[in-house]
Structures are given as C-alpha cells and as structure tokens.
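Remarks on the structure that follows.
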Amino acid sequence: MSSKVKVLITEEEVDAKIGRIARELSKEYAGKTVHMICVLKGGVFFMVELAKRMSVDVTMDFMDVSSYGAGTESSGTVKVVKDLDEPIEGKDILIVEDIVDSGRTLKALTNLLGHRNPASLKVVTLLDKPDRRVVDVEVAYSCFNIPDEFVVGYGLDYDQKYRNLPYIGVLENNKEER
C-alpha cells in the first residue's frame, strides 16, 4: 500500500450511522422479513454490519454485477457475473450498495430485479456521490453523502486493496477514478 489514506469518515461515525439506518429500516419493515441483496464485493462489509443491527428477520443473497464499456465510465449495461440463488418474487427486497455514483449500474440493476416481481424494492447505500449522478435512481436510505473524491475502506477498494480499513478514507497521490 504505497498511497497514503486520509480519513474522511471515522470508524465511530460509520458505526453510529449504520446503527441509525438499521433502526429506521427495522421500524419500516416491522413484522416483515427483509431480503437483503448485497452487490459484491464492496457491499459485504456494510450489509453484514447493517443486518447485525436490525431487529427484524433478515435473509440474504448476493449478486456480482459489472457494467462494461469503453474507458472507466459505467455504460449502465449490467453483466451478471453471479446471479441470485433464490427467486425474489413476493419478497421485500433491500439492495445493499457500498457506493452510488453515476447511478447507471444501479438503475440497470433495479430494473432487472424489478422485473422479478418483488413485493417491494428499495436501495440502501453506505456512500452516495450525488455530484456524479448522471442517471436518476431512487436511493431510499443513504448513510453519507460524500464529495467527488476517490474513497477506500469499509469494503471499497483500489486494485483490491484497502477494503479492510474500518473507516472511509480518501486515497491520496492517486489520479485513478473508480
């Protein structure tokens, strides 16, 4: 890890906000089972911590998707690398994302899952970069709005590194875009 990481959101701030969102979700889904769908790989850390703090029944599944196209920008065309293990028809679905930026991939994913007839479909994200949004997507719950900076930690990576940091940091000395 040759680049320096500057703390943007402390571990304590992340922990407190996840607890607050978990309480809100537990209230909204009282008496129901929430089927959480984690978008791999970055969302794993967030989903596990969120689920541990929820007081309603939770089931989980995972999807690995990638958007492809020329350059570093998402085309919004989703290629499903790993699909869900179970059908979601009639279930209350909560898509768990690590970060929402352009919105292209998330929009395509919500469209794909919406066609599978869930009872409800909402998105929760750890981080939101509204300044990068190019496609309208509805994010029901967001822990933090952040500036347009390259961030790592708490599941977010640069070249598969830094995911295990317990906080959100800005990778310095790096010109790459996520």
Side-chain angles (χ1 to χ4, degrees), residues 9 11 13-67 74 76-130 132-146 151 153-157 163-164 166-168 178:
I9 304 168
E11 180 177 4
E13 291 170 316
V14 172
D15 187 58
K17 188 62 72 100
I18 291 173
R20 186 178 65 80
I21 296 292
R23 287 188 297 278
E24 289 177 25
L25 287 166
S26 294
K27 185 176 178 181
E28 179 175 343
Y29 291 101
K32 298 180 180 180
T33 296
V34 179
H35 190 67
M36 301 173 91
I37 297 175
C38 177
V39 181
L40 295 171
K41 298 177 184 167
V44 171
F45 289 75
F46 177 44
M47 185 173 85
V48 168
E49 292 303 320
L50 185 63
K52 286 185 342 187
R53 290 166 174 80
M54 291 177 67
S55 61
V56 297
D57 289 336
V58 171
T59 58
M60 296 179 185
D61 207 341
F62 300 86
M63 284 189 86
D64 190 357
V65 297
S66 66
S67 57
S74 165
T77 302
V78 171
K79 176 182 175 189
V80 177
V81 179
K82 186 237 176 273
D83 206 342
L84 299 173
D85 293 333
E86 301 175 12
I88 61 169
E89 185 171 351
K91 294 181 180 182
D92 291 301
I93 302 300
L94 188 62
I95 298 173
V96 182
E97 276 279 25
D98 55 355
I99 188 166
V100 178
D101 50 26
S102 74
R104 288 184 180 113
T105 301
L106 184 58
K107 181 72 167 182
L109 182 59
T110 56
N111 287 341
L112 172 73
L113 294 177
H115 284 94
R116 296 181 183 184
N117 301 314
S120 66
L121 180 65
K122 293 192 176 186
V123 175
V124 60
T125 188
L126 178 62
L127 303 174
D128 194 354
K129 282 188 186 180
R132 297 233 337 144
R133 197 81 81 246
V134 296
V135 175
D136 282 336
V137 291
E138 187 174 336
V139 177
Y141 294 92
S142 176
C143 291
F144 300 97
N145 284 350
I146 62 168
V151 291
Y154 222 88
L156 294 128
D157 74 297
R163 286 191 197 277
N164 61 321
Y167 57 87
I168 306 298
R178 178 180 160 108

Criterion side chain to side chain contact (heavy atoms under 4.5 Å, CB included) on L112 and T110, from CA distance to verdict | CA-CA 5 Å; L112 172 73; T110 56; over 6 Å; no
Test side chain to side chain contact (heavy atoms under 4.5 Å, CB included) on V34 and D92 and set out the steps.
-> CA-CA 5 Å; V34 179; D92 291 301; 5.5 Å; no
List the steps, then state whether side chain to side chain contact (heavy atoms under 4.5 Å, CB included) holds for V39 with V65.
-> CA-CA 7 Å; V39 181; V65 297; 4.0 Å; yes
Go through the steps for R104 and V137 under the test side chain to side chain contact (heavy atoms under 4.5 Å, CB included), then give the verdict.
-> CA-CA 8 Å; R104 288 184 180 113; V137 291; over 6 Å; no
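The CG atom of L94 sits 7.0 Å away from the CG atom of L50 when rounded to the nearest 0.5 Å. Here OG1 of T105 is found 13.0 Å from NZ of K107. Values are rounded to the nearest 0.5 Å. In this structure, the separation between SG on C143 and CZ on R20 is 7.5 Å, given to the nearest 0.5 Å. Annotation: the span from I18 atom CD1 to F144 atom CZ amounts to 7.5 Å, rounded to 0.5 Å. Here the straight-line distance linking atom CG of D83 with atom CG of D64 works out to 10.5 Å at 0.5 Å rounding. The CG atom of L127 sits 5.0 Å away from the CD1 atom of I99 when rounded to the nearest 0.5 Å.
Checked against side chain to side chain contact (heavy atoms under 4.5 Å, CB included), S55 has the following partners two or more places apart in sequence or in another chain: S26. Contacts of K17 classified as side chain to side chain donor-acceptor pair (under 3.5 Å), with partners at least two apart in sequence or in another chain: none. In this structure, the side chain to side chain donor-acceptor pair (under 3.5 Å) partners of R53, at least two apart in sequence or on a different chain, are D15, E49. Shown here are the side chain to side chain donor-acceptor pair (under 3.5 Å) partners of E13, two or more places apart in sequence or in another chain: T10. When the side chain to side chain contact (heavy atoms under 4.5 Å, CB included) test is applied to N145, the partners found at least two apart in sequence or on another chain are D128, P130, S142.
Here the side chains of M63 and V80 are in contact, with some heavy-atom distance below 4.5 Å. Residues Y154 and V14 meet the side-chain proximity criterion, which asks for heavy atoms closer than 4.5 Å. Looking only at side-chain heavy atoms (C-beta outward), I37 and I88 come within less than 4.5 Å of each other.
Residue pairs satisfying the side chain to side chain donor-acceptor pair (under 3.5 Å) criterion with at least one member in residues 29-45, sequence neighbours excluded, are listed as follows: H35-T59.
Residues E24 and Y141 share a closest heavy-atom pair of OE1-CE2, 3.4 Å. Residue P118 comes nearest to L113 through the heavy atom pair CD-O, 3.4 Å, listed as atom of the first residue, atom of the second, then distance. Considering every non-hydrogen atom in both L126 and F46, the closest pair reads N-CE2, 3.4 Å. Heavy-atom minimum distance, V58 versus A51: CG1-CB, 4.2 Å. Among all heavy-atom pairs drawn from G43 and D98, the shortest one is N-CB, 3.9 Å. D85 and D61 get closest at one heavy-atom pair: N-OD2, 2.8 Å.
Between the side chain of R132 and the main chain of D101, no donor-acceptor pair closer than 3.5 Å is present. Proximity of a side-chain donor or acceptor of R23 to a complementary backbone N or O of G19 within less than 3.5 Å is detected.
The pair K122-E138 does not count as a salt bridge, with every side-chain nitrogen at least 4.0 angstrom from each carboxylate oxygen.
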